[in-house]
Amino acid sequence: MMQSIKQQPFRAAVLLLVWGWLLFLVLAPNLLVLGASVMTRNPGTFISLPLNLDAYRQLFNPLYLEVFLHSLYMATMTTLACLLIGYPFAWALSRVEKRRQMLLIFLLIVPFWTNSLVRTYALKLILATNGLLNSALMSLGVIDEPLQLLYTEGAVIVGLVYLLLPFMILPLYSVFEDLRQDVLLASHDLGAGRFATFKNVIVPLTLPGVLAGVMLVLLPAMGLFFVPDILGGSRNLLVGNVIKNQFLDARNWPFGAAASIVLTVTMALLMFAHRLSKRRLGEEGA
Amino acid sequence: MRWLPRSYLTLVYLLLYVPIIVLVVFSFNDSRTGYNWGGLSLRWYESLFNNHAMVQAMWNSLWLALTAATVSTMIGALTALALHRYRFRGKKVLNGMLFVVMMSPEIVLAISLLGLFLLLGLQLGYVSLLLAHVTFCLPFVVITVMARLAGFDERLPEAARDLGASDFTMTRTVLIPVIMPALMAGWLLGFTLSMDDVVVSSFVSGPSYEILPLRIYSMVRVGLKPEVNALGTLLLVFSLVMLMLSQWILSRSKQ
């Protein structure tokens, strides 16, 4: 070991820096959250012994359980909407001629580079009671009275879909790009109809993309607390809002940490499913 | 049937861009209520720049993004080089940690960092923001640089070593120039991520260092503020320039 440090001081310095940063700012904080979730709430030092599972039990308190389930429901709706919009979109995008494709992808990632708060606020301009959508519908005579669009569950879902759609489309686009036309032709030649080809060939081959997209959408859809803050009012909270309130306002670390562990475990399960689907594809392809 | 996918693509793009266009148009709207058109005006831009706290937050954000992008590019580049060139124990763990940072919900990263800083007794402000921003930018820089290194001729560094260059000299004279475009692209991405972040920043910032996204956040939570339209438009133009610059650098380097 000492020998290698003397021989390659640069290598040793690089590895030390990289490891140091990740251990200190990634591993240690995550272990801390894990630890905090099984400790007891303490007003002075935030957390203290003894160890217990009270925080996890508190998650099943009907009051919070309702918020969690509602958040999960909104996140699921968001993910489904992104999938329904994104799947045909990615398919169509992968069939556009190459030159134009680059421009279209560029247009897709512009929103990713622009401030998400500002874009959420822009939706507010459209959805407000006397906003653009209501004015447009009224002047067209579709409705007589402005609809209550803002501060509803629907507004939160629209906001989340608007922010997260590109994260569903990009992984889907990349699997559609890899989908070889000859495979589809082969399926057709073997006598499969359009629907059978879709069900037996296209869906299994694009499944890793679907799961990657779901992973990239579902979890942020439970965490982006500023979306309900701006569009949803106080009745449409996300898990993210609960974590934020518990950590920053109520100073209840164990509970906030336990909620965050639940999110992390969900993420781990989704990642596992993603790997599994990729591995299965690899085996079948080989 | 060719018109069907085309019109579908157009429709979705339209939906994605309508709110942005509305925002830009309304930023030039003279009306105070924010819904009706009251004629062309630059008054919201003017009131933006006359707002001292706002300008201060803007400078703070720019400085934070500048430093966070620079530090994360340096560490990210070294990480990518280490992952690419060195064999060492725990390489998979290192890769895994970067992957976890990229995939885990921002809010999880946010509370874990807040916990760390509070337990260490670190004053929340510029330093805590910097550490947090560098951490969430890092994986993006690493994958940008790794992608560049993947298509690289391995004989070049070997030749440099054979000619007697030390590891450090070889990295400086051979590898750095090769990954330069990726470094620039990674830097621009880091800068933008830092400028836009709300979730992590709202946990790890303190009253001593107010940054732009948090100021916007407190403005838009209640009602409509026409200044936000103007500010949003400026940020939009800014990110657009950054993105085009990064695409230009990457596409030029491919030739």
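In what follows, every heavy atom counts, from backbone to side chain, and hydrogens, waters and symmetry copies are set aside. Chain letters run A, B, ... following the sequence lines, proteins first, then strands; residues in each count from 1. None of these values were measured; they are calculated from a predicted model.
Here the closest non-hydrogen pair linking A:Met267 and B:Pro105 is SD-CD, 4.1 Å. A pairwise comparison of heavy atoms in B:Tyr13 and A:Ile105 identifies OH-N, 4.3 Å as the closest pair. In plain terms, the two heavy atoms of A:Pro29 and B:Ser112 that are nearest each other are CB-O, 3.3 Å. Taking each heavy atom of B:Arg89 and A:Trp19 in turn, the nearest pair found is O-CZ2, 3.7 Å. Heavy atoms only, all atoms of each residue included: A:Gly240 and B:Ile107 are closest at O-CD1, 3.3 Å.
When each of B:Ser166, B:Pro213, B:Gly115 is checked for heavy-atom pairs under 4.5 Å with chain A, B:Gly115 comes out on top. Contact count against chain B (heavy-atom pairs under 4.5 Å) is highest for A:Val110 among A:Leu219, A:Ile230, A:Leu270, A:Val110. Looking only at heavy-atom pairs under 4.5 Å with chain A, the residue among B:Thr79, B:Leu235, B:Leu113, B:Leu9 that has the most is B:Leu9. The most heavy-atom pairs under 4.5 Å with chain A, out of B:Ile216, B:Leu189, B:Val18, come from B:Leu189. Note on A:Val239, A:Ile126, A:Leu231: by heavy-atom pairs under 4.5 Å with chain B, the leading option is A:Ile126. Put simply, of A:Val33, A:Asp229, A:Val26, the one with the most heavy-atom pairs under 4.5 Å next to chain B is A:Asp229. For chain B, the option among A:Leu216, A:Thr264, A:Leu107 with the highest count of heavy-atom pairs below 4.5 Å is A:Leu107. Taking chain A as the reference chain and counting heavy-atom pairs below 4.5 Å, the highest number among B:Phe88, B:Tyr86, B:Phe168 is found for B:Tyr86. Per-residue counts of heavy-atom pairs under 4.5 Å with chain A were compared for B:Leu236, B:Val22, B:Leu94; the largest is that of B:Leu94. Contact count against chain B (heavy-atom pairs under 4.5 Å) is highest for A:Ala122 among A:Ala268, A:Ala257, A:Ala122. For the set A:Ala13, A:Gly256, A:Ala259, A:Pro88, the count of heavy-atom pairs under 4.5 angstrom toward chain B peaks at A:Pro88.
Heavy-atom distances place both the backbone and the side chain of A:Phe89 under 4.5 Å from chain B. Heavy-atom distances place both the backbone and the side chain of A:Leu104 under 4.5 Å from chain B. Heavy atoms closer than 4.5 Å to chain B are found nowhere in A:Met222, neither backbone nor side chain. Interface remark: B:Thr10 contributes no atoms to any contact with chain A (heavy atom separation under 4.5 Å). For a residue to count as touching a neighbouring chain, one of its non-hydrogen atoms must lie under 4.5 Å from one of that chain's; by this rule B:Thr233 does not touch chain A. Proximity to chain A (any heavy atom under 4.5 Å) is restricted, for B:Leu240, to the side chain, taken from C-beta onward. The contact between B:Leu120 and chain A is made entirely by side chain atoms (from C-beta outward), counting heavy-atom distances below 4.5 Å. Using a 4.5 Å cut-off between heavy atoms, B:Leu23 contacts chain A through both its backbone and its side chain. Looking at B:Leu11, neither its backbone nor its side chain comes within 4.5 Å of chain A, counting heavy atoms on both sides. Neither the backbone nor the side chain of B:Met219 comes within contact range of chain A; no heavy atom of the residue lies under 4.5 Å from a heavy atom of that chain. Contact annotation for A:Leu93: both backbone and side-chain heavy atoms come within less than 4.5 Å of a heavy atom of chain B.
For the side chain to side chain contact (heavy atoms under 4.5 Å, CB included) with B:Pro19, the qualifying choice from A:Leu123, A:Leu132, A:Val118 is A:Leu123, the only one to do so. Here the options are B:Val198, B:Val228, B:Leu214, the test is side chain to side chain contact (heavy atoms under 4.5 Å, CB included), and the partner is A:Leu117; only B:Val198 passes.
Here the CH2 atom belonging to A:Trp21 is positioned 8.5 Å from the OG atom belonging to B:Ser72, to the nearest 0.5 angstrom. Rounding to the nearest 0.5 angstrom, the gap separating the CD1 atom in A:Ile85 from the OH atom in B:Tyr8 is 6.0 Å. Between A:Thr114 atom OG1 and B:Ile20 atom CD1 the span is 5.0 Å, to the nearest 0.5 Å. In this structure, CG in B:Leu78 is found 12.0 Å from CG in A:Leu16, a value given to the nearest 0.5 Å. Atom CG in B:Leu118 sits 6.5 Å away from atom CZ in A:Arg251 (nearest 0.5 Å). Of the inter-residue distances, the one linking A:Ile169 atom CD1 with B:Leu16 atom CG reads 6.5 Å to the nearest 0.5 angstrom.
For residues 157-165 of chain A, heavy-atom neighbours of chain B at less than 4.5 Å comprise A:Tyr162, A:Leu165, sorted by residue number. Taking non-hydrogen atoms and a 4.5 Å limit, the residue list of residues 129-137 of chain B in contact with chain A, ordered by number, reads B:Leu131, B:Val134, B:Thr135.
Counting heavy atoms from C-beta on, the side chains of A:Lys244 and B:Ile111 never come closer than 4.5 Å. The side-chain heavy atoms of A:Leu224 and B:Val199, taken from C-beta on, include a pair separated by under 4.5 Å. You'll find the side chain of A:Leu22 reaches within 4.5 Å of the side chain of B:Leu138, heavy atoms only. In this structure the side chain of A:Val14 never reaches within 4.5 angstrom of the side chain of B:Leu81, judged on heavy atoms. Taking the side chain as every heavy atom from C-beta outward, A:Leu248 and B:Leu114 approach each other to under 4.5 Å. With a 4.5 Å cut-off on side-chain heavy atoms, B:Phe238 and A:Asn115 do not count as touching.
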Point to revise | From CA spacing to verdict: side-chain contact (heavy atoms from CB on, under 4.5 Å), A:Leu27, B:Val93 | key: CA-CA 10 Å; A:Leu27 192 65; B:Val93 180; over 6 Å; no
Exercise for review: Kindly determine whether A:Ile109 and B:Gln247 satisfy side-chain contact (heavy atoms from CB on, under 4.5 Å), including the steps that lead there.
Suggested key: CA-CA 11 Å; A:Ile109 50 177; B:Gln247 296 283 316; 3.8 Å; yes
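Using a 4.0 Å cut-off between charged side-chain N and carboxylate O, B:Arg6 and A:Glu97 make a salt bridge.
Checked by atom type and distance alone, the side chain of A:Lys124 pairs as donor or acceptor with a backbone atom of B:Val220 at under 3.5 Å.
Taking the six-membered ring where the residue is Trp, A:Phe225 and B:Tyr217 present tilted rings, their angle falling between 30° and 60°.
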